[in-house]
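Okay, so here's the structure we're looking at.
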Number of protein chains: 2
Amino acid sequence: MPPRKPRGSYAVGDERRQRILDTAVEHFARNGYHASSLARIAHDVGITQGGLLHHFRSKEDLLLSVLGESEERDRAWVFSDDGLTDTRQVTAAQHVTAALKLVALNTTRPGLVRMFTVLSAEAAEPGHPAHAFFTQRYARLVGNISGAFRRSIDSGEIRPDVDPVAIAEEIIAVMDGLRIQWSLNPDQFDMVGRLHAYYDRLLRTITTSETGLPPA
Amino acid sequence: MPPRKPRGSYAVGDERRQRILDTAVEHFARNGYHASSLARIAHDVGITQGGLLHHFRSKEDLLLSVLGESEERDRAWVFSDDGLTDTRQVTAAQHVTAALKLVALNTTRPGLVRMFTVLSAEAAEPGHPAHAFFTQRYARLVGNISGAFRRSIDSGEIRPDVDPVAIAEEIIAVMDGLRIQWSLNPDQFDMVGRLHAYYDRLLRTITTSETGLPPA
DNA sequence: GTCTATAACCGGATAGAC
DNA sequence: GTCTATCCGGTTATAGAC
(Lines give C-alpha, C1' and ligand atoms only; values in the text may rest on other atoms or scores of the structure.)
Protein backbone atom coordinates (compact mmCIF):
# COMPACT_ATOMS: atom_id res chain seq x y z
CA MET A 1 0.00 0.00 0.00
CA PRO A 2 2.68 2.58 0.79
CA PRO A 3 3.66 3.89 -2.62
CA ARG A 4 7.19 2.51 -2.79
CA LYS A 5 9.25 4.82 -4.90
CA PRO A 6 11.99 3.16 -6.93
CA ARG A 7 14.77 4.69 -4.82
CA GLY A 8 16.26 8.07 -4.02
CA SER A 9 14.34 11.25 -3.26
CA TYR A 10 10.63 11.17 -2.60
CA ALA A 11 7.75 12.65 -4.52
CA VAL A 12 5.75 15.45 -2.91
CA GLY A 13 2.96 13.17 -1.70
CA ASP A 14 5.35 11.26 0.54
CA GLU A 15 5.93 14.07 2.97
CA ARG A 16 3.37 12.58 5.31
CA ARG A 17 5.14 9.24 5.14
CA GLN A 18 8.41 10.92 6.02
CA ARG A 19 6.87 12.70 8.98
CA ILE A 20 5.62 9.37 10.29
CA LEU A 21 9.10 7.88 9.96
CA ASP A 22 10.72 10.78 11.82
CA THR A 23 8.18 10.58 14.62
CA ALA A 24 8.56 6.82 14.86
CA VAL A 25 12.31 7.24 15.34
CA GLU A 26 11.70 9.37 18.41
CA HIS A 27 9.27 6.88 19.89
CA PHE A 28 11.36 3.79 19.23
CA ALA A 29 14.30 5.64 20.74
CA ARG A 30 12.39 6.46 23.89
CA ASN A 31 10.56 3.20 24.42
CA GLY A 32 12.05 0.53 22.22
CA TYR A 33 9.86 -1.39 19.83
CA HIS A 34 7.43 -3.25 22.05
CA ALA A 35 6.58 -0.36 24.32
CA SER A 36 5.98 2.11 21.50
CA SER A 37 2.39 2.44 20.33
CA LEU A 38 1.02 3.25 16.92
CA ALA A 39 -1.69 5.39 18.44
CA ARG A 40 0.81 7.64 20.21
CA ILE A 41 3.02 7.89 17.13
CA ALA A 42 -0.02 8.78 15.06
CA HIS A 43 -1.09 11.34 17.62
CA ASP A 44 2.27 13.10 17.44
CA VAL A 45 2.05 13.13 13.67
CA GLY A 46 -1.41 14.62 13.91
CA ILE A 47 -3.42 11.75 12.48
CA THR A 48 -5.20 8.74 13.95
CA GLN A 49 -3.91 5.22 14.30
CA GLY A 50 -6.10 4.13 11.41
CA GLY A 51 -4.62 6.82 9.23
CA LEU A 52 -1.10 5.73 10.07
CA LEU A 53 -1.82 2.15 9.09
CA HIS A 54 -2.72 3.36 5.65
CA HIS A 55 0.98 4.16 5.10
CA PHE A 56 2.50 1.18 6.89
CA ARG A 57 0.57 -2.06 6.91
CA SER A 58 1.74 -3.02 10.40
CA LYS A 59 3.88 -1.94 13.32
CA GLU A 60 6.63 -4.28 12.19
CA ASP A 61 6.54 -2.79 8.71
CA LEU A 62 6.99 0.64 10.24
CA LEU A 63 9.98 -0.50 12.31
CA LEU A 64 11.80 -2.08 9.40
CA SER A 65 11.10 0.95 7.21
CA VAL A 66 12.58 3.22 9.85
CA LEU A 67 15.71 1.10 10.18
CA GLY A 68 16.24 0.65 6.47
CA GLU A 69 15.70 4.28 5.65
CA SER A 70 18.07 5.50 8.38
CA GLU A 71 20.89 3.28 7.26
CA GLU A 72 20.45 4.14 3.64
CA ARG A 73 20.63 7.85 4.39
CA ASP A 74 23.73 7.41 6.55
CA ARG A 75 25.50 5.43 3.93
CA ALA A 76 24.81 8.00 1.28
CA TRP A 77 25.95 10.75 3.62
CA VAL A 78 29.24 9.10 4.60
CA PHE A 79 30.24 8.65 1.00
CA SER A 80 29.05 12.09 -0.02
CA ASP A 81 32.60 13.41 -0.26
CA ASP A 82 36.17 12.08 -0.42
CA GLY A 83 35.08 10.58 -3.72
CA LEU A 84 34.30 7.28 -2.02
CA THR A 85 31.68 5.67 -4.19
CA ASP A 86 31.66 2.24 -2.68
CA THR A 87 33.10 0.48 0.30
CA ARG A 88 35.34 -2.00 -1.45
CA GLN A 89 38.35 0.27 -1.83
CA VAL A 90 38.41 1.98 1.56
CA THR A 91 41.63 1.86 3.58
CA ALA A 92 41.96 1.85 7.36
CA ALA A 93 42.76 5.57 7.43
CA GLN A 94 39.73 6.34 5.31
CA HIS A 95 37.55 4.22 7.56
CA VAL A 96 38.72 6.18 10.59
CA THR A 97 37.93 9.47 8.90
CA ALA A 98 34.48 8.32 7.84
CA ALA A 99 33.67 6.81 11.24
CA LEU A 100 34.65 9.95 13.14
CA LYS A 101 32.60 12.02 10.73
CA LEU A 102 29.54 9.83 11.20
CA VAL A 103 29.82 9.80 14.98
CA ALA A 104 30.14 13.58 14.99
CA LEU A 105 26.96 13.79 12.95
CA ASN A 106 25.27 11.44 15.37
CA THR A 107 25.85 13.75 18.31
CA THR A 108 23.37 16.09 16.62
CA ARG A 109 20.54 13.53 16.68
CA PRO A 110 20.22 11.79 20.03
CA GLY A 111 16.90 10.21 19.13
CA LEU A 112 18.24 8.20 16.25
CA VAL A 113 21.29 7.13 18.23
CA ARG A 114 19.21 5.91 21.13
CA MET A 115 16.91 4.06 18.79
CA PHE A 116 19.80 2.05 17.41
CA THR A 117 21.15 1.44 20.90
CA VAL A 118 17.85 0.19 22.28
CA LEU A 119 16.93 -1.85 19.24
CA SER A 120 20.31 -3.49 18.79
CA ALA A 121 20.00 -4.70 22.38
CA GLU A 122 16.37 -5.79 22.09
CA ALA A 123 16.98 -7.46 18.76
CA ALA A 124 19.42 -9.96 20.21
CA GLU A 125 16.36 -12.07 20.92
CA PRO A 126 15.92 -14.33 17.86
CA GLY A 127 12.16 -13.69 17.71
CA HIS A 128 12.50 -9.92 17.56
CA PRO A 129 11.21 -8.31 14.35
CA ALA A 130 14.55 -6.60 13.81
CA HIS A 131 16.74 -9.60 14.62
CA ALA A 132 17.63 -10.33 11.02
CA PHE A 133 18.26 -6.67 10.30
CA PHE A 134 20.84 -6.35 13.07
CA THR A 135 22.46 -9.71 12.41
CA GLN A 136 23.06 -8.67 8.82
CA ARG A 137 24.07 -5.18 9.83
CA TYR A 138 26.82 -6.40 12.17
CA ALA A 139 28.05 -8.90 9.62
CA ARG A 140 28.27 -6.17 7.01
CA LEU A 141 30.01 -3.74 9.36
CA VAL A 142 32.59 -6.35 10.36
CA GLY A 143 33.11 -7.15 6.70
CA ASN A 144 33.58 -3.53 5.67
CA ILE A 145 35.89 -2.54 8.50
CA SER A 146 37.99 -5.68 8.48
CA GLY A 147 38.29 -5.28 4.71
CA ALA A 148 39.65 -1.78 5.15
CA PHE A 149 42.26 -2.98 7.64
CA ARG A 150 43.16 -5.97 5.48
CA ARG A 151 43.89 -3.64 2.57
CA SER A 152 46.09 -1.48 4.77
CA ILE A 153 47.95 -4.58 5.90
CA ASP A 154 48.46 -5.63 2.29
CA SER A 155 49.80 -2.20 1.39
CA GLY A 156 52.23 -2.30 4.31
CA GLU A 157 50.74 0.54 6.36
CA ILE A 158 49.65 -1.82 9.13
CA ARG A 159 51.62 -4.59 10.74
CA PRO A 160 50.94 -7.99 9.17
CA ASP A 161 50.38 -9.76 12.51
CA VAL A 162 47.13 -7.99 13.34
CA ASP A 163 43.81 -9.81 12.94
CA PRO A 164 41.55 -7.53 10.86
CA VAL A 165 38.35 -9.23 11.99
CA ALA A 166 39.26 -8.93 15.67
CA ILE A 167 40.11 -5.26 15.18
CA ALA A 168 36.83 -4.67 13.36
CA GLU A 169 34.80 -6.29 16.13
CA GLU A 170 36.65 -4.26 18.73
CA ILE A 171 36.07 -0.98 16.89
CA ILE A 172 32.37 -1.73 16.59
CA ALA A 173 32.24 -2.56 20.30
CA VAL A 174 33.86 0.76 21.18
CA MET A 175 31.40 2.71 19.06
CA ASP A 176 28.40 0.84 20.47
CA GLY A 177 29.62 1.18 24.04
CA LEU A 178 30.35 4.88 23.71
CA ARG A 179 26.83 5.34 22.35
CA ILE A 180 25.35 3.85 25.51
CA GLN A 181 27.22 6.21 27.81
CA TRP A 182 26.53 9.17 25.57
CA SER A 183 22.81 8.37 25.45
CA LEU A 184 22.70 8.33 29.23
CA ASN A 185 24.34 11.75 29.39
CA PRO A 186 24.44 13.46 25.98
CA ASP A 187 25.44 16.88 27.26
CA GLN A 188 28.52 15.89 29.18
CA PHE A 189 29.91 12.74 27.63
CA ASP A 190 32.46 13.44 24.90
CA MET A 191 31.70 10.61 22.50
CA VAL A 192 33.75 11.95 19.59
CA GLY A 193 36.72 12.75 21.80
CA ARG A 194 36.77 9.28 23.31
CA LEU A 195 36.53 7.64 19.92
CA HIS A 196 39.31 9.82 18.58
CA ALA A 197 41.56 8.90 21.50
CA TYR A 198 40.82 5.23 20.99
CA TYR A 199 41.63 5.31 17.25
CA ASP A 200 44.76 7.31 17.94
CA ARG A 201 46.11 4.78 20.39
CA LEU A 202 45.02 1.85 18.21
CA LEU A 203 46.78 3.16 15.13
CA ARG A 204 49.92 4.02 17.05
CA THR A 205 50.08 0.41 18.15
CA ILE A 206 49.45 -1.34 14.85
CA THR A 207 50.84 0.93 12.12
CA THR A 208 54.31 0.29 10.76
CA SER A 209 55.28 3.93 10.80
CA GLU A 210 54.31 5.52 14.08
CA THR A 211 52.11 8.26 12.60
CA GLY A 212 49.10 9.04 14.71
CA LEU A 213 45.96 10.96 13.91
CA PRO A 214 45.59 14.70 13.36
CA PRO A 215 44.45 16.35 16.61
CA ALA A 216 40.70 16.54 17.32
CA MET B 1 5.41 -6.64 52.38
CA PRO B 2 8.24 -8.83 51.10
CA PRO B 3 10.02 -9.90 54.29
CA ARG B 4 13.29 -7.99 53.85
CA LYS B 5 16.04 -9.94 55.50
CA PRO B 6 18.77 -7.83 57.06
CA ARG B 7 21.40 -8.92 54.51
CA GLY B 8 23.27 -12.02 53.39
CA SER B 9 21.79 -15.47 52.83
CA TYR B 10 18.06 -16.02 52.80
CA ALA B 11 15.86 -17.96 55.16
CA VAL B 12 14.07 -21.01 53.85
CA GLY B 13 10.80 -19.21 53.20
CA ASP B 14 12.43 -16.93 50.64
CA GLU B 15 13.02 -19.64 48.08
CA ARG B 16 9.86 -18.63 46.27
CA ARG B 17 11.02 -15.05 46.20
CA GLN B 18 14.34 -16.14 44.72
CA ARG B 19 12.61 -18.20 42.05
CA ILE B 20 10.59 -15.16 41.05
CA LEU B 21 13.75 -13.08 40.75
CA ASP B 22 15.48 -15.71 38.60
CA THR B 23 12.47 -16.00 36.32
CA ALA B 24 12.15 -12.24 36.06
CA VAL B 25 15.77 -11.99 34.91
CA GLU B 26 15.01 -14.25 31.99
CA HIS B 27 11.94 -12.27 31.00
CA PHE B 28 13.55 -8.85 31.31
CA ALA B 29 16.46 -10.21 29.28
CA ARG B 30 14.23 -11.38 26.48
CA ASN B 31 11.80 -8.49 26.31
CA GLY B 32 13.13 -5.57 28.26
CA TYR B 33 11.10 -4.03 31.05
CA HIS B 34 8.05 -2.62 29.30
CA ALA B 35 7.32 -5.66 27.18
CA SER B 36 7.63 -8.14 30.02
CA SER B 37 4.44 -9.05 31.85
CA LEU B 38 3.87 -10.01 35.44
CA ALA B 39 1.35 -12.65 34.41
CA ARG B 40 3.83 -14.46 32.18
CA ILE B 41 6.58 -14.27 34.78
CA ALA B 42 4.18 -15.63 37.39
CA HIS B 43 3.10 -18.39 35.03
CA ASP B 44 6.69 -19.55 34.56
CA VAL B 45 7.18 -19.54 38.31
CA GLY B 46 4.04 -21.62 38.70
CA ILE B 47 1.86 -19.10 40.51
CA THR B 48 -0.66 -16.50 39.44
CA GLN B 49 -0.11 -12.82 38.88
CA GLY B 50 -1.89 -12.06 42.14
CA GLY B 51 0.40 -14.40 43.99
CA LEU B 52 3.47 -12.73 42.51
CA LEU B 53 2.35 -9.32 43.67
CA HIS B 54 2.31 -10.61 47.19
CA HIS B 55 6.13 -10.76 47.06
CA PHE B 56 6.75 -7.58 45.07
CA ARG B 57 4.34 -4.74 45.42
CA SER B 58 4.67 -3.63 41.80
CA LYS B 59 6.40 -4.36 38.54
CA GLU B 60 8.86 -1.57 39.18
CA ASP B 61 9.68 -2.99 42.59
CA LEU B 62 10.42 -6.31 40.94
CA LEU B 63 12.73 -4.70 38.39
CA LEU B 64 14.74 -2.80 40.95
CA SER B 65 14.99 -5.86 43.16
CA VAL B 66 16.34 -7.89 40.27
CA LEU B 67 18.95 -5.25 39.40
CA GLY B 68 20.08 -4.70 42.96
CA GLU B 69 20.34 -8.39 43.77
CA SER B 70 22.34 -9.19 40.64
CA GLU B 71 24.87 -6.49 41.25
CA GLU B 72 25.28 -7.35 44.88
CA ARG B 73 25.94 -10.98 44.06
CA ASP B 74 28.45 -10.06 41.37
CA ARG B 75 30.31 -7.72 43.62
CA ALA B 76 30.59 -10.33 46.34
CA TRP B 77 31.76 -12.88 43.80
CA VAL B 78 34.44 -10.69 42.21
CA PHE B 79 36.02 -9.98 45.55
CA SER B 80 35.66 -13.56 46.76
CA ASP B 81 39.35 -14.25 46.29
CA ASP B 82 42.60 -12.35 45.72
CA GLY B 83 41.99 -10.96 49.17
CA LEU B 84 40.31 -7.91 47.68
CA THR B 85 37.93 -6.76 50.34
CA ASP B 86 36.98 -3.40 48.97
CA THR B 87 37.51 -1.44 45.83
CA ARG B 88 39.52 1.42 47.21
CA GLN B 89 42.90 -0.28 46.99
CA VAL B 90 42.65 -1.99 43.64
CA THR B 91 45.37 -1.33 41.07
CA ALA B 92 45.01 -1.31 37.29
CA ALA B 93 46.42 -4.84 37.02
CA GLN B 94 44.00 -6.10 39.64
CA HIS B 95 41.12 -4.43 37.87
CA VAL B 96 42.03 -6.20 34.64
CA THR B 97 42.15 -9.56 36.38
CA ALA B 98 38.81 -9.01 38.08
CA ALA B 99 37.13 -7.73 34.90
CA LEU B 100 38.29 -10.67 32.81
CA LYS B 101 37.09 -13.02 35.53
CA LEU B 102 33.67 -11.43 35.66
CA VAL B 103 33.25 -11.40 31.89
CA ALA B 104 34.23 -15.06 31.76
CA LEU B 105 31.54 -15.80 34.34
CA ASN B 106 29.05 -13.82 32.30
CA THR B 107 29.48 -16.03 29.26
CA THR B 108 27.79 -18.75 31.31
CA ARG B 109 24.60 -16.76 31.82
CA PRO B 110 23.37 -15.12 28.63
CA GLY B 111 20.04 -14.16 30.15
CA LEU B 112 21.51 -11.92 32.78
CA VAL B 113 23.93 -10.35 30.32
CA ARG B 114 21.19 -9.57 27.85
CA MET B 115 19.08 -8.09 30.60
CA PHE B 116 21.78 -5.57 31.44
CA THR B 117 22.31 -4.79 27.78
CA VAL B 118 18.65 -4.17 27.06
CA LEU B 119 17.97 -2.28 30.24
CA SER B 120 21.05 -0.07 30.09
CA ALA B 121 19.84 1.02 26.66
CA GLU B 122 16.19 1.43 27.63
CA ALA B 123 17.10 3.23 30.85
CA ALA B 124 18.71 6.12 29.01
CA GLU B 125 15.22 7.61 29.01
CA PRO B 126 14.98 9.81 32.13
CA GLY B 127 11.50 8.53 32.95
CA HIS B 128 12.52 4.86 32.94
CA PRO B 129 12.22 3.10 36.30
CA ALA B 130 15.86 2.02 36.14
CA HIS B 131 17.26 5.37 35.00
CA ALA B 132 18.67 6.29 38.38
CA PHE B 133 20.07 2.81 38.88
CA PHE B 134 22.09 2.90 35.67
CA THR B 135 23.18 6.50 36.08
CA GLN B 136 24.62 5.67 39.47
CA ARG B 137 26.03 2.40 38.23
CA TYR B 138 28.04 4.05 35.45
CA ALA B 139 29.25 6.77 37.77
CA ARG B 140 30.40 4.18 40.26
CA LEU B 141 32.10 2.05 37.59
CA VAL B 142 33.95 5.06 36.19
CA GLY B 143 34.99 5.99 39.71
CA ASN B 144 36.26 2.53 40.57
CA ILE B 145 38.15 1.92 37.34
CA SER B 146 39.63 5.39 37.05
CA GLY B 147 40.68 5.08 40.69
CA ALA B 148 42.53 1.88 39.95
CA PHE B 149 44.39 3.48 37.05
CA ARG B 150 45.13 6.60 39.05
CA ARG B 151 46.77 4.50 41.74
CA SER B 152 48.88 2.74 39.14
CA ILE B 153 49.93 6.09 37.75
CA ASP B 154 50.91 7.27 41.21
CA SER B 155 52.97 4.16 41.80
CA GLY B 156 54.76 4.63 38.49
CA GLU B 157 53.45 1.54 36.71
CA ILE B 158 51.47 3.60 34.22
CA ARG B 159 52.62 6.66 32.33
CA PRO B 160 51.63 9.91 34.05
CA ASP B 161 50.20 11.50 30.89
CA VAL B 162 47.19 9.18 30.62
CA ASP B 163 43.74 10.39 31.67
CA PRO B 164 42.32 7.79 34.07
CA VAL B 165 38.71 8.88 33.58
CA ALA B 166 38.99 8.69 29.80
CA ILE B 167 40.54 5.23 30.07
CA ALA B 168 37.80 4.10 32.44
CA GLU B 169 35.05 5.29 30.11
CA GLU B 170 36.73 3.58 27.17
CA ILE B 171 37.07 0.29 29.05
CA ILE B 172 33.41 0.37 30.03
CA ALA B 173 32.47 1.10 26.42
CA VAL B 174 34.46 -1.89 25.20
CA MET B 175 32.81 -4.19 27.71
CA ASP B 176 29.32 -2.91 26.88
CA GLY B 177 29.92 -3.09 23.15
CA LEU B 178 31.33 -6.59 23.28
CA ARG B 179 28.25 -7.64 25.24
CA ILE B 180 25.99 -6.48 22.42
CA GLN B 181 27.81 -8.51 19.81
CA TRP B 182 28.06 -11.51 22.08
CA SER B 183 24.35 -11.38 22.90
CA LEU B 184 23.55 -11.40 19.20
CA ASN B 185 25.67 -14.50 18.70
CA PRO B 186 26.71 -16.12 22.00
CA ASP B 187 28.03 -19.34 20.48
CA GLN B 188 30.49 -17.83 18.06
CA PHE B 189 31.57 -14.46 19.37
CA ASP B 190 34.65 -14.67 21.59
CA MET B 191 33.86 -11.99 24.14
CA VAL B 192 36.61 -12.90 26.60
CA GLY B 193 39.23 -13.21 23.89
CA ARG B 194 38.39 -9.81 22.45
CA LEU B 195 38.48 -8.15 25.85
CA HIS B 196 41.80 -9.80 26.63
CA ALA B 197 43.29 -8.56 23.36
CA TYR B 198 42.02 -5.06 24.06
CA TYR B 199 43.49 -4.93 27.57
CA ASP B 200 46.75 -6.36 26.31
CA ARG B 201 47.17 -3.67 23.69
CA LEU B 202 45.99 -0.95 26.06
CA LEU B 203 48.48 -1.88 28.77
CA ARG B 204 51.33 -2.22 26.30
CA THR B 205 50.65 1.36 25.24
CA ILE B 206 50.33 3.02 28.61
CA THR B 207 52.56 1.09 31.02
CA THR B 208 56.06 2.33 31.76
CA SER B 209 57.63 -1.11 31.50
CA GLU B 210 56.38 -2.89 28.41
CA THR B 211 55.00 -5.95 30.19
CA GLY B 212 51.85 -7.27 28.62
CA LEU B 213 49.28 -9.69 29.98
CA PRO B 214 49.70 -13.40 30.55
CA PRO B 215 48.26 -15.31 27.55
CA ALA B 216 44.52 -16.17 27.56
C1' DG C 1 0.83 -17.30 50.80
C1' DT C 2 -1.91 -18.12 47.09
C1' DC C 3 -6.14 -17.91 44.77
C1' DT C 4 -10.18 -15.83 41.95
C1' DA C 5 -12.52 -11.92 40.38
C1' DT C 6 -12.65 -7.57 38.71
C1' DA C 7 -11.59 -2.75 37.73
C1' DA C 8 -9.87 0.35 34.38
C1' DC C 9 -7.27 0.81 30.68
C1' DC C 10 -4.26 0.18 26.37
C1' DG C 11 -2.50 -2.82 22.42
C1' DG C 12 -2.71 -3.78 17.12
C1' DA C 13 -5.49 -4.70 13.30
C1' DT C 14 -9.68 -4.59 10.34
C1' DA C 15 -13.95 -2.74 8.01
C1' DG C 16 -16.23 0.57 5.97
C1' DA C 17 -17.93 5.53 5.61
C1' DC C 18 -16.63 9.83 3.49
C1' DG D 1 -5.96 9.48 2.52
C1' DT D 2 -8.09 9.90 6.69
C1' DC D 3 -11.69 9.01 9.89
C1' DT D 4 -14.76 6.33 13.22
C1' DA D 5 -16.19 2.13 15.09
C1' DT D 6 -15.22 -2.22 16.62
C1' DC D 7 -12.96 -6.75 17.72
C1' DC D 8 -10.31 -9.21 20.70
C1' DG D 9 -6.89 -9.60 23.64
C1' DG D 10 -3.36 -8.08 27.00
C1' DT D 11 -1.77 -4.81 30.90
C1' DT D 12 -1.12 -3.59 36.08
C1' DA D 13 -3.13 -3.36 40.31
C1' DT D 14 -6.65 -4.10 43.94
C1' DA D 15 -10.11 -6.68 46.90
C1' DG D 16 -11.33 -10.26 49.34
C1' DA D 17 -12.02 -15.46 49.92
C1' DC D 18 -9.60 -19.49 51.70
Side-chain angles (χ1 to χ4, degrees), chain A residues 1-5 10-67 118-119 122 125 127-130, chain B residues 1-5 10-24 26-28 30-67 118-119 122 125 127-130:
Chain A
M1 244 79 140
R4 272 236 176 269
K5 282 302 170 328
Y10 289 102
V12 277
D14 282 338
E15 272 155 25
R16 174 53 49 98
R17 189 186 149 90
Q18 191 58 49
R19 246 186 76 71
I20 295 171
L21 286 171
D22 292 341
T23 308
V25 166
E26 298 300 326
H27 281 252
F28 290 143
R30 256 193 288 280
N31 314 309
Y33 173 70
H34 294 294
S36 294
S37 111
L38 294 179
R40 281 194 293 265
I41 294 171
H43 173 267
D44 283 6
V45 174
I47 59 177
T48 63
Q49 188 229 27
L52 193 156
L53 283 171
H54 171 80
H55 298 275
F56 301 90
R57 74 186 88 249
S58 71
K59 190 184 181 182
E60 184 172 330
D61 181 30
L62 175 60
L63 172 69
L64 295 178
S65 300
V66 163
L67 291 172
V118 172
L119 290 179
E122 269 192 353
E125 177 69 16
H128 194 283
Chain B
M1 244 79 142
R4 272 237 176 269
K5 283 301 170 327
Y10 289 103
V12 277
D14 281 340
E15 273 155 24
R16 173 53 48 97
R17 190 187 148 88
Q18 192 57 51
R19 246 186 77 71
I20 295 172
L21 287 171
D22 292 342
T23 308
E26 297 301 325
H27 280 251
F28 289 144
R30 255 193 288 282
N31 314 310
Y33 173 72
H34 295 292
S36 294
S37 112
L38 295 179
R40 280 193 292 265
I41 294 171
H43 173 267
D44 284 6
V45 174
I47 59 175
T48 62
Q49 189 230 23
L52 192 156
L53 284 172
H54 172 78
H55 297 275
F56 301 90
R57 75 185 87 250
S58 70
K59 188 185 181 182
E60 184 172 330
D61 180 31
L62 175 59
L63 173 70
L64 295 178
S65 301
V66 162
L67 291 174
V118 173
L119 289 178
E122 273 192 353
E125 176 69 15
H128 193 282

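Treat the numbers as computed from the prediction; the structure is a model and nothing was measured. Lettering of chains follows the sequences in order, A, B, ..., and the numbering in each one begins at 1.
- Out of C:dA13, D:dT2, D:dT12, the shortest distance to the side chain of B:Lys59 is found at D:dT12.
- Proximity of A:Leu38 to A:Phe56: side-chain heavy atoms (C-beta onward) are nowhere separated by under 4.5 Å.
- Take A:Glu125 and apply the side chain to side chain donor-acceptor pair (under 3.5 Å) test, not counting sequence neighbours, and it matches B:Arg114.
- For B:Ile47, counting side-chain heavy atoms from C-beta on, the closest listed nucleotide (C:dC3, D:dT12, C:dA13) is C:dC3.
- Distances shorter than 4.0 Å separate some side-chain N or O of A:Thr48 from OP1 or OP2 on D:dC3.
- Atom CD of A:Gln49 and atom C1' of D:dA5 are 12 Å apart (whole Å).
- The listed nucleotides are C:dA13, D:dA13, D:dT2; the one nearest the side chain of A:Arg16 is D:dT2.
- Using atom P as the reference point in both C:dA8 and D:dC8, the two lie 23 Å apart (nearest Å).
- Shown here are the side chain to side chain contact (heavy atoms under 4.5 Å, CB included) partners of B:Ala24, two or more places apart in sequence or in another chain: B:Phe28, B:Ile41, B:Leu62, B:Val66.
- Straight-line distance from the NE2 atom of A:His55 to the P atom of D:dC3: 9 Å, rounded to whole Å.
- The side chain of B:Arg40 places an N or O atom within less than 4.0 Å of a non-bridging phosphate oxygen (OP1 or OP2) of D:dT11.
- Applying the side chain to side chain donor-acceptor pair (under 3.5 Å) rule to B:His128 yields the partners B:Glu122; only residues at least two apart in sequence or on another chain are considered.
- Looking at heavy atoms from C-beta onward, B:Ile47 lies in side-chain contact with B:Arg16 at the 4.5 angstrom threshold.
- Here D:dT2 presents its P atom at 11 Å from CZ of A:Arg19, a figure rounded to the nearest Å.
- By the side chain to side chain contact (heavy atoms under 4.5 Å, CB included) test, A:Glu60 is found to be paired with A:Tyr33, A:Ser58, A:Leu64, A:Pro129, residues two or more places apart in sequence or in another chain being considered.
- Remark: B:His54 is not in phosphate contact with C:dC3, judged by side-chain N or O atoms under 4.0 Å from OP1 or OP2.
- With rounding to the nearest 0.5 angstrom, the NZ atom of B:Lys59 is 8.5 Å from the CG atom of B:Leu63.
- Between B:Thr23 atom OG1 and B:Gln18 atom CD the span is 9.5 Å, to the nearest 0.5 Å.
- In DNA chain D, runs of at least 3 stacked Watson-Crick or G-U pairs (N1-N3 plus N6-O4 or O6-N4, or N1-O2 plus O6-N3, all under 3.5 Å) give these stems: C:1-10 with D:9-18, C:12-18 with D:1-7.
- One interatomic measurement links the two molecules: CD of A:Glu15 to P of D:dT2, which rounds to 12 Å at whole-angstrom precision.
- At whole-Å resolution of the value, CG in B:Leu53 and P in C:dT2 are 12 Å apart.
- Residue A:Ile41 contributes atom CD1, which lies 16 Å from atom P of C:dC10 at whole-angstrom precision.
- Contacts with DNA chain C (heavy atom under 4.0 Å) in residues 25-38 of chain A: A:Ser36, A:Ser37, A:Leu38, listed by number.
- Atom P of nucleotide C:dG1 and atom CZ of B:Phe56 are separated by 13 Å, given to the nearest angstrom.
- Atom NE2 of B:His43 and atom P of C:dT4 are 12 Å apart (whole Å).
- Taken from CG in A:Leu53 to OG1 in A:Thr48, the straight-line distance is 9.0 Å, to the nearest 0.5 Å.
- Applying the side chain to side chain contact (heavy atoms under 4.5 Å, CB included) criterion to B:Arg40, with sequence neighbours excluded, gives B:His27, B:Ser37.
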